[in-house]
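All remarks here apply to the structure that follows.
Chain A is the first sequence line, chain B the second, and so forth, proteins listed ahead of strands; every chain is numbered from 1.
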Amino acid sequence: MLKITNVHKKYNDNEVLKGVDINVAKGDVVVILGPSGSGKTTLLRCINFLDHADQGEMEFDEYHLQMHSATADEVRKIRQKTAFVFQNYNLFQNKTVLENVTAGLIIGRNIEKNEAVDLALKALAKVGLSDRVNFYPSQLSGGQQQRVGIARAIAVQPDVILFDEPTSALDPELISEVLGIIKQLAEEGTTMIIVTHEMKFAADVATHVIFMADGNIVEEGRPKDIFQSPKEERTRNFLRRVLPQVEYNI
Amino acid sequence: MDINYQFLIKTFYLVLAAVPTTLNITAVSLLIAMPLAFYLAVIRLRPGKYIQIIISGYITFVRGTPIVLQILIIYSILPSFLNSVAKGFALEVNVFDWNPIIYAYIVFSLNTTALLCEVFRSALASINKGQLEAALCAGMTTVQAYRHIIVPQALVVAMPNICNITVKLIKGTSLAFLMTVKDMTAVAKIAASYGYNYIEAYMDVFAGYVIVCSVVQVAFAFAERHVGKFRFIK
Amino acid sequence: MRPFNPQFILDVIPNLLPFLWVTLSVVLGTVFFGSLLGFVLARAKLSQKPLYCWLADGYIYIIRCTPSIVLLFIVFYGLPKFCLEVFDMDINGYEKIFFVLVTFTLLFAAPISEVMRSAYEAIDHGQYEAAVSIGLTPWQAFYHIILPQATVVALPNFGNSVIELMKEGSLAYTIGLVDLIGKGQLIISQNYGAYALETYLPLAFIYLLLTLGVEKSFLRLEHAFSRQKKAA
């Protein structure tokens, strides 16, 4: 469904992505792991053209485009097929919870208001926030805000949802409420690409795990293989550092 | 101190009758300046181009010179300039018959544009970049993102400064009499000159400005509360 | 339309420049007296007594709504009459600059008191408590500990207020003070209204240099102060 090949990206002289390929089929839950600065977030942002790759090809269903020369129209079409959940939520501060969720439908996709509100209410019910529809983001906790962020993403019924470290800005006690929702989405067969540092969660939900370091994909495969018998030294080192207590027994 | 109370009251009504002129200049200047300033602010937020130098030169000039000089300069060249343009096109208009309020519109909107541009620029820059990104990810175009997400938030940030600039503009219109506009100051000046009742006349103008500015500030306070309703208590 | 005469600009500048000191005296005099009055106002606003607070607030509010030129006219026409009838003092013959200074002192004090107050409030109260705890008197604590820190905070806004004052001060010509603009107007009327633009442009240029100069000086001061702070 979505295939990107040979993505390169430089910031000034710093090469962040050095030729990355990803292939996502419908229903996949791809989890990208790796130390900070490995290019995970940049890769995700390039898929949605929040950052523009210097080189790379994208095949997304019927669209086939060069990532460095995508036109505004192509970019918009890709964005209409995707949704993005941000690390720091980025809820629209001037809109209520309901308006945050309907904005992408009414403004971005010209869907009629009644229908949009229906879809939004369903999405909000799914994340358990039906009682907060008329609140403003500043009145919600971080966990609630991120759940609205997820509702905003699922309401537009995208082909794939991109998650950029959805829980790293949250207090520890709020993390599980967000991860629980993502897990539920995974069980329903939602296609997702997730960048995260939550290892147990990654092992739980992923159908495919990618380990990145220094702008390259070091290793990828089924979660069982990556977590239990990583082939590469760098993957082993990384897992040993982040999973000292679990000893790969997930 | 002997004050001619009868004159004081009589002139106060005259001054009040000139309040619409003051508000007229203020409103028209703001209506011209707002979109212009917004457009310039958006240009200024984009990286390096020659037009940047021109815009920042214009802003530096407006902010670095007294408004009275700006009035004197515009009023000394514009009428005869427009007249020769009209003659050049063989138009049957006499520029010198025009209502001088036109020149007031021009001076004050040019002045206000520069001040507002800086306010808009910093307000737009203060909105987190993530808001634009989230809007684009929700499938909006850049224009839609600005219209529905960025501008409403920037407006709230800019509100107190817009209020300050409006009050400054209202006070600035007290110089419109230099262009022979019949505003509060001009009306009072004329009334005073018959019997040398300058103190009474200017007390009236003083009261007039305090009233107008107070009303405007109250209006802004209401507007601020309205557009800022999303900035709720935590 | 009469052709523009660039040569006149060069000729007129030497005639204008001697009056630069009048403009500058107005600014410097106002900054001095206005800061004193501003200090009193700031003090009143920070006082525990609601009456003082209320009076200072009222004064600042009224000044915020008053166009400079209106206050200038009121002072120019009203003050001599007031002094004559209340104090039996004839000040009609006083220099124009006196009325200009009175007006702009009244005007400048309001914003500058706000600058002072907010700078004072920006300094952590712990600084004062620490100073008093080691045996300084309240005044010493203010003078040696609070004031130096508050000055650094106040500098940028103080600079802006001075620039505003300098621009507003250009209105002094309307009551007949011969400063830069006053002299410019004289030159124009000597030429029966001709060469107006050629006179106003160099004036604008001089003002531009003055405001940019003030802006740069305050940036330098701020820089010097913050370096001191870092070194300490």
**Q.** Top contributor to chain B interface from Leu208(C), Thr211(C), Val214(C) [non-hydrogen pairs under 4.5 Å]
**A.** Leu208(C)
(Q) Over 60° means perpendicular and under 30° means parallel, so tell me whether Tyr196(B) and Tyr77(C) are parallel, tilted or perpendicular. (A) perpendicular
Q) Do any of residues 58-68 of chain B have a heavy atom less than 4.5 Å from a heavy atom of chain C, and if so, which, in residue order? A) Thr60(B), Phe61(B), Val62(B), Arg63(B), Gly64(B), Thr65(B), Pro66(B), Val68(B)
Q.
Suppose we screen for side chain to side chain donor-acceptor pair (under 3.5 Å). Which residues come up paired with Asn161(B), at least two apart in sequence or across chains?
A. none
Q. What residues of residues 172-182 of chain B sit under 4.5 Å from chain C when only non-hydrogen atoms are counted?
A. Ser174(B), Leu175(B), Phe177(B), Leu178(B)
Q. Once you round to the nearest 0.5 Å, how far does CZ of Phe73(C) lie from OG1 of Thr185(B)?
A. 8.0 Å
Q) Around atom NZ of Lys10(B), are there more than 12 heavy atoms of other residues, nucleotides or ligands at under 6.0 Å? A) no
Q: Tell me, for Tyr61(C) versus chain B, whether the close heavy atoms (under 4.5 Å) come from the side chain, the backbone, both or neither.
A: side chain
Q: Over all heavy atoms of both residues, which pair between Arg64(C) and Lys171(B) is shortest? Give the atoms and the distance, please.
A: O-NZ, 3.1 Å
Q) Is chain B contacted by the side chain of Glu164(C), its backbone, both, or neither, given a heavy-atom distance below 4.5 Å? A) side chain
Q) What residues of residues 204-221 of chain B sit under 4.5 Å from chain C when only non-hydrogen atoms are counted? A) Val205(B), Phe206(B), Tyr209(B), Val210(B), Cys213(B), Ser214(B), Gln217(B)
Q. So what's closer than 4.5 Å to chain C heavy atoms on Lys168(B): side chain, backbone, both or neither?
A. side chain
(Q) Is Ile63(C) close to chain B through its backbone or its side chain, or both, or neither, when contacts mean heavy atoms under 4.5 Å? (A) backbone
Q) Side chain, backbone, both or neither: which part of Phe76(C) has a heavy atom under 4.5 Å from chain B? A) neither
Q | Atom CZ of Phe218(C) with >12 non-hydrogen neighbours under 6.0 angstrom | A | yes
Q: Measure the spacing between CZ of Phe81(B) and CG of Leu197(C) and express it to the nearest 0.5 Å.
A: 12.0 Å
Q | Atom CE of Met203(B) with >12 non-hydrogen neighbours under 6.0 angstrom | A | no
Q: For Leu203(C) and Leu69(B), work out which heavy atoms get closest and say how close.
A: C-CD1, 3.7 Å
Q: Could you tell me which of Leu72(B), Val167(B), Ile73(B) has the largest number of non-hydrogen atom pairs under 4.5 Å with chain C?
A: Leu72(B)
Q | Rounded distance (nearest 0.5 Å) linking atom CD1 of Ile71(B) with atom OH of Tyr200(C) | A | 11.0 Å
Q | Phe98(C) atom CZ, over 12 foreign heavy atoms within 6.0 Å | A | yes
Q. For atom CG of Leu36(C), is the number of surrounding heavy atoms from other residues, nucleotides or ligands below 6.0 Å larger than 12?
A. yes
